[in-house]
Amino acid sequence: MGDPSIRSYCGKMRQANKETRATVIALACIIVVWLVGGFGLAGSDIQVFHTPLWIIGGCVAPWIAAIVAAVVLSRRVFIDFDLDDDAAIPGAACEEVARHE
């Protein structure tokens, strides 16, 4: 908990929202990789080890993209902090703090 912005309950909720948004964006990127790798390569006659390229692009590429996304999220976005409410700030106070930022 070195980041002072996550010491308050509002800061913790902002961080949780940031992590959620980043995870949804990562999921969208993985879906795009799956669509492009699978359906985008469906017209290709290229084969790797007697397997059509679209199968490799549709199965292996999203798996690799998911691993890369998980590593990036864990190193750049996610922060380990305790979600317990130490400050006992009511929800209305968080909304007021957010309006003034």
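This one's a predicted model, so the numbers in the text were calculated from it and none came from an experiment.
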*Does Val77 offer a backbone N or O that forms a donor-acceptor pair with the side chain of Lys18 under 3.5 Å?*
no
*Could you tell me the separation between the CG atom of Asn17 and the NZ atom of Lys12, rounded to the nearest 0.5 Å?*
14.5 Å
Please list every donor-acceptor pair under 3.5 Å in which a side-chain atom of residues 67-75 meets a protein atom from a residue at least two apart or in another chain.
unit_1	atom_1	unit_2	atom_2	d
Ser74	OG	Ala70	O	3.1
Ser74	OG	Val71	O	3.0

*Taking ILVMFWY side chains as joined if any heavy atoms are under 4.5 angstrom apart, and letting links pass through other members, which residues group with Leu27?*
Ile31, Trp34, Leu35, Phe39
*Heavy-atom pair of closest approach, residues Pro62 and Gly58*: CG-O, 3.3 Å
_Same cluster or not: Met13 versus Ile79, using hydrophobic residues (I, L, V, M, F, W, Y) connected whenever any side-chain heavy atoms lie under 4.5 Å apart?_
yes
_List the residues meeting side-chain contact (heavy atoms from CB on, under 4.5 Å) with Leu53, not counting sequence neighbours, and say none if there are none._
Leu41, Ser44, Ile46, Val48
*Are Tyr9 and Phe81 connected in a single hydrophobic cluster, I mean Ile/Leu/Val/Met/Phe/Trp/Tyr linked by side-chain heavy atoms less than 4.5 Å apart?*
yes
*First locate atom OG1 of Thr23, then atom CD of Glu19, and finally report the distance between them rounded to the nearest 0.5 Å.*
7.0 Å
*Kindly compute the distance separating CD1 (Ile30) from CD1 (Ile25), expressed to the nearest 0.5 Å.*
12.0 Å
_Co-membership, hydrophobic cluster, residues Trp63 and Ile55, 4.5 Å side-chain_ = yes
